Amino acid sequence: MTLLAVERIKLFTTRSPWWCALITLVLTIGFAALIVGNANEAEGVPATVASTQFGYSFGMAVIMVLAALSVTTEYRFGTIRTTFQAVPNRTAALLAKTGVVAALALVIGELSAFGSLGVGMLLKPNADLALNSSADWINVAGVGVIYALAAVIAVAVGTLIRHSAGAIALLMIYALAVESLIRLIPSIGEDIYKWLPFNVADKFITGNGASNMGRSAGEGAPMSTAVLGQGWALAYFAGFALVLLVLAISTAKKRDA
Amino acid sequence: MIEAAGLTKRYGRTLAVNDLSFSVEPGQVTGFLGPNGAGKSTTMRMILGLDNPTSGQVRIGGRHYRELKHPLRTVGALLDAKWVHPNRSARSHLLWMAKSNKIPVRRVDEVLDIVGLTAVAGKRAGGFSLGMSQRLGIAAALLGDPQVLLFDEPVNGLDPEGILWIRKFMHRLADEGRTVFVSSHLLSEMALTASNLVVIGKGKLISQSSTKDFVSRAAENTVKVRSPQLGELRAALIGASATVADSDGGLLVSGMDSDKIGELAAAAGLVLHELSPQQGSLEQAFMQITGDSVEYHTELEAQARQVLAPSAN
């Protein structure tokens, strides 16, 4: 508990987490307003629960920046050494940091998801945006969970790479570009893509489209091509995050600080 | 106390610290002296468990750093004053450190007061001058009221007032019975601060002794004498098997201390106008002893000559 309090103090006594949190909320809720605002029931494109969550992946990118910075700035400014000096058990120190950052990501994720839903309800009071199935619930409440796991991935990558620019570039390029570019590989691209972690995470959020009234991509949130069920998709993404975290911590333990 | 035994650190093909063994006793300031790049900082990082020794070990009060329960309460260290997040306030910086070792919050305000940073405690540390950063680093080191204190080049870049403050401060810590281990590349500074010296060069131990011994061993002590009866004095000194050399208007005597020379002159009824012991430059002495263990020294000299050459024309 002590270590969690330490990491909480460290995280909230700098400015970047506050900025990142604010940007995440503005981005996701802003996108929700755009998408829902453009939805038109008469043309057969009603606002759906899924369409309010259209911008979650952009928010996730910002969350990963926040999480990566939480550890790379420690390397940048040498406070990681002070940390390890105060807490020589590096596993405990890094786990505490990961925990606090993931918890913050969860909170921001839920705020942004329900905020997006709320904006949708305000803009289209007549649309069916009630959460009346588990698919609807996961599509909204699941965003925080995915943000938390994405934060774990970013902390792990930040710990491994140690440089802010490098870690953030890698995370952004991978999450926003590499996965979808792999689809372009002839014949096997799509099959590989089905198993790439952020695509699988998207599967957990969007499921098989129930929350989107079965509409296809382009008319709201695009659907994931991953073949896992929602529960397994979450487990897969969590497993990916965990493997990276174990790798990062074992590396940090061996390395000179 | 700190005990290093066979401490070795290798980076690729460079041996940064080579089979280093020494001990640092409580109740006095021990200087850790060596030219830049001699391996002082690496050694300090190994003491703190930040870097893993390639071989050998270092213990604090018989235990490895990583075995200490709340390490900040046993060992306080200032390795680099800039190891602070620039956007975090001085107080917040100390606050998280205190929290991590279950040190009461009021201690944060106490140490801020000790180093005189109370007025700027809420300001972001990134805006601090070097002197203020150094004080913050010392506050952090003192946070857990530790018995062992490590300072790496604490006076580097400080103004004379700051240097004096730190020097007095270390003496006070040692007088309280703490183990104080402070590194520097300046022998003149260490001669004033430390009562014991661990001297290293190129990662190897050169000597461990009291500062007095090291300085007297290092500097050849001579005595300058002036007298209206110089010729007779010279004969008397040579007769007493001292070595004598001429020096503007007087004699430079070595191999005999000033007491002896005075007595000798009195016995011979010679008038002395000056009798002053000369201490060789400490830096010179230090260079002499660490001599060939200075890693970059020849290149530096050559570079300096290159730089200076055009301006001489």
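The analysis underlying the following values was restricted to heavy atoms, covering all of them including side chains, and did not include hydrogens, waters or symmetry mates. Lettering follows sequence order; numbering is per chain, from 1. Just so it is clear, the model here is predicted, and its values are computed rather than measured.
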Chemist: Nearest 0.5 Å please: distance from the NZ atom of B:Lys99 over to the CD atom of A:Glu7.
Modeler: 13.0 Å
Chemist: Return the option, out of B:Ser89, B:Pro86, B:Gly144, B:Ala140, with the maximum number of heavy-atom pairs under 4.5 Å with chain A.
Modeler: B:Pro86
Chemist: Any side-chain heavy-atom pair from B:His85 and A:Glu74 closer than 4.5 angstrom?
Modeler: no
Chemist: What part of A:Arg90 gets closer than 4.5 Å to chain B, counting heavy atoms only: side chain, backbone, both or neither?
Modeler: side chain
Chemist: Please output the residues of residues 12-22 of chain A in contact with chain B, using a heavy-atom cutoff of under 4.5 Å, in numerical order.
Modeler: A:Thr13, A:Thr14, A:Arg15
Chemist: Walk me through whether B:Lys102 and A:Thr2 qualify under side-chain hydrogen bond (donor to acceptor under 3.5 Å, both in side chains).
Modeler: CA-CA 8 Å; B:Lys102 294 200 162 72; A:Thr2 312; 3.1 Å; yes
Chemist: Is any residue of residues 114-138 of chain B within less than 4.5 Å of chain A by heavy atoms, and which ones?
Modeler: B:Arg124
Chemist: Could you give the distance from NZ (A:Lys10) to CE (B:Met97), rounded to the nearest 0.5 Å?
Modeler: 10.0 Å
Chemist: Looking at A:Ile80, A:Asn89, A:Thr83, which one has more heavy-atom pairs under 4.5 Å with chain B than the rest?
Modeler: A:Thr83
Chemist: To the closest 0.5 Å, what do you measure between CZ (A:Phe77) and NZ (B:Lys82)?
Modeler: 11.0 Å
Chemist: Check the pair A:Thr82 / B:Trp96 against side chain to side chain contact (heavy atoms under 4.5 Å, CB included), numbers first and verdict last.
Modeler: CA-CA 10 Å; A:Thr82 320; B:Trp96 75 255; 4.0 Å; yes
Chemist: Which atom names give the shortest non-hydrogen contact between A:Ile9 and B:Leu95, and what distance separates them?
Modeler: CD1-O, 4.4 Å
Chemist: Taking only heavy atoms into account, what residues of residues 47-81 of chain B are found under 4.5 Å from chain A?
Modeler: B:Leu48, B:Gly49, B:Leu50, B:Asp51, B:Asn52, B:Tyr65, B:Arg66, B:Pro71, B:Leu72, B:Ala77
Chemist: According to salt bridge (Lys or Arg N to Asp or Glu O under 4.0 Å), does anything in residues 5-27 of chain B pair up with another residue at least two apart or in another chain? List the pairs.
Modeler: A:Asp256-B:Lys9
Chemist: Determine the minimum heavy-atom distance between B:Ser100 and A:Val87, stating which atoms define it.
Modeler: CB-CG2, 4.1 Å
